[in-house]
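See structure below.
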Amino acid sequence: MKHGVAFRKFSRTSSHRMLMLRNLVTSLLQHEQIKTTLPKAKDTARLAEKIITLGKKGDLPAFRRATGFLLNQSLVPKLFSELAQRYAERPGGYTRIHKFGNRPGDNAPHAILELVDNPRDLRFQMTARAVGWELLGKRVGYEDPKALVVSGIPDIENVIEKEKTVPPQARGELRSATRRNLQKVLKYRSSEATEQLSRIAGDHVDTLLAQPLALKEIVAAKQEKKDKAASFAGIRLKAGQTLPGGVRSTLHLAQGALGRDRSGRGRSFTRQKLGIDNTSVWNQL
């Protein structure tokens, strides 16, 4: 019986398996974001955490162990300088795994393995877009959409600074899940991260506001027959897509006209209301 046999074998010999994992860790430190299968990502993250801990120690034994482990020796200075400074205050958890569906062909589970707080941090980007979505969804509930197109949401950075100190379960401008993610991605980052996150959120708000305006211009061009090649492709809402302030579930949106309106559905089956439904307000633009 196989008792006490830990970790994955990957159908490889011990030397082949260790060389593969060393190669993955080296690629992770070089690019700070790689895509591989989910089991390989889990084992690579375990070793990458130990290597970054060696970089934070900064002594001679740690330098020798890291030099002997990495396949690319030019990454050793990056490990002991840039990455060590980035994670100086973070007690652990230097990697993050995002599930990425299944691979075509063998249907193996795919995943994206990345270093936390890297320049292309997926969690940081998704949180910034969620902040812009929710703030715009609330604004369209009590402000004129045309005024929002002109002014945008100028106080995004102030809202972010305020939400950083609000407890996760308290009421605020953002939902509790978004506030929790906001506090997590900004906890160990510098003060410049707040400005960067507010800029990304503002750009996403502008993108959301530009979609109905572009659709209106195409409709006007078609009516005046100025642009015969004008097309709605890429601008129409796709199945399951909604605009800020929508209250219908994704499944109900995907069903389109075939979906039945079930007014007696429980709260757990519907989207949390962020503003007002999109049908009346966004058509005014």
Side-chain angles (χ1 to χ4, degrees), residues 25 27-35 41 44-45 48-49 51-58 75 77-100 111-139 148 151-210 244 274:
V25 172
S27 299
L28 178 63
L29 296 185
Q30 179 179 359
H31 303 288
E32 302 192 15
Q33 192 178 94
I34 60 175
K35 185 171 70 172
T44 303
E49 300 271 349
I51 296 300
I52 294 177
T53 302
L54 293 178
K56 291 176 63 176
K57 289 182 178 180
L75 296 176
K78 177 181 179 181
L79 174 63
F80 283 85
S81 58
E82 179 182 346
L83 297 181
Q85 294 175 5
R86 182 190 299 175
Y87 303 122
E89 302 297 330
R90 186 180 287 271
Y94 314 116
T95 59
R96 183 185 296 119
I97 296 177
H98 301 275
K99 293 184 179 180
F100 198 68
I112 294 178
L113 175 62
E114 65 175 359
L115 295 180
V116 176
D117 296 343
N118 73 84
R120 299 181 299 164
D121 195 336
L122 292 177
R123 178 67 62 83
F124 187 83
Q125 297 286 337
M126 290 187 294
T127 302
R129 283 162 173 76
V131 169
W133 175 280
E134 294 182 11
L135 291 180
L136 179 59
K138 285 194 172 183
R139 294 300 193 279
L148 286 175
S151 63
I153 304 179
D155 56 341
I156 295 181
E157 188 169 356
N158 297 332
V159 172
I160 292 175
E161 290 289 349
K162 180 181 177 181
E163 293 291 326
K164 286 167 59 176
T165 59
V166 177
Q169 299 301 328
R171 295 181 62 87
E173 291 283 338
L174 303 176
R175 296 186 301 128
S176 59
T178 305
R179 185 185 306 113
R180 183 171 59 251
N181 290 331
L182 176 68
Q183 295 173 356
K184 288 174 65 175
V185 298
L186 296 178
K187 184 175 182 179
Y188 297 103
R189 286 178 176 259
S190 61
S191 57
E192 299 177 356
T194 303
E195 181 182 355
Q196 181 183 2
L197 192 143
S198 62
R199 184 172 62 252
I200 297 174
D203 293 342
H204 190 55
V205 168
D206 295 339
T207 302
L208 293 172
L209 288 172
L274 302 179

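Not measured: the values here are computed from a predicted model.
Residues Val116 and Val185 are not in side-chain contact: their nearest non-hydrogen atoms beyond the backbone lie 4.5 Å or more apart.
The nearest pair of heavy atoms linking Ala193 to Leu186 is CB-CD2, 3.8 Å. Closest approach of Pro91 to Tyr188, counting heavy atoms only: CD-OH, 3.4 Å. Minimum heavy-atom separation, Ala84 to Gly55: CB-O, 3.5 Å. Closest non-hydrogen pair, Ala41 versus Leu113, comes out as O-CD2, 3.8 Å. Of all non-hydrogen atoms in Ile200 and Ala128, the two that sit nearest each other are CG2-CB, 3.6 Å. Nearest heavy atom pair, residue Gly132 against residue Val205, reads O-CG2, 3.4 Å.
From Leu54, atom CG reaches atom CD of Glu49 across 12.0 Å, with rounding to the nearest 0.5 Å. Rounding to the nearest 0.5 angstrom, the gap separating the CG atom in Leu28 from the CG atom in Leu75 is 10.5 Å. Going from atom CD1 of Ile160 over to atom CD of Gln196 covers 10.5 Å, rounded to the nearest 0.5 Å. Remark: Leu182 CG to Phe124 CZ distance equals 9.0 Å, nearest 0.5 Å. Atom NE2 of His204 is separated from atom CG of Leu208 by 4.0 Å, given to the nearest 0.5 angstrom. Going from atom CD1 of Ile51 over to atom OG1 of Thr95 covers 12.5 Å, rounded to the nearest 0.5 Å.
Under the salt bridge (charged side-chain N to carboxylate O under 4.0 Å, His left out) criterion, the residue pairs touching residues 188-198 are Asp117-Arg189, Asp121-Arg189, with sequence neighbours excluded.
Under the 4.0 Å criterion applied to side-chain N and carboxylate O atoms, Arg139 and Asp155 are assigned as salt-bridge partners.
For Glu161, the side-chain contact (heavy atoms from CB on, under 4.5 Å) partners two or more places apart in sequence, or in a different chain, are Lys164, Thr194.
A donor-acceptor pair is defined here as one N or O able to donate and one able to accept, closer than 3.5 Å; such a pair exists between the side chain of Lys56 and the backbone of Arg90. Put simply, the side chain of Glu163 gets close to the backbone of Glu173: a donor and an acceptor are under 3.5 Å apart. Side chain of Asn118 to backbone of Leu115: a donor-acceptor contact under 3.5 angstrom is found. Formation of a donor-acceptor pair under 3.5 Å by the Gln33 side chain with backbone atoms of Arg120 is found in this model. The main-chain N or O of Thr53 is never found under 3.5 Å from a side-chain atom of Tyr94 such that the two would form a donor-acceptor pair.
A donor atom on one side chain and an acceptor atom on the other are not found under 3.5 Å apart for Arg179 and Gln183.
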Does the salt bridge (Lys or Arg N to Asp or Glu O under 4.0 Å) test come out yes or no for Arg86 and Glu82, once each step is laid out? CA-CA 6 Å; Arg86 182 190 299 175; Glu82 179 182 346; 3.3 Å; yes
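The local environment of CZ in Phe100 is sparse, with at most 12 non-hydrogen atoms from other residues, nucleotides or ligands closer than 6.0 Å.
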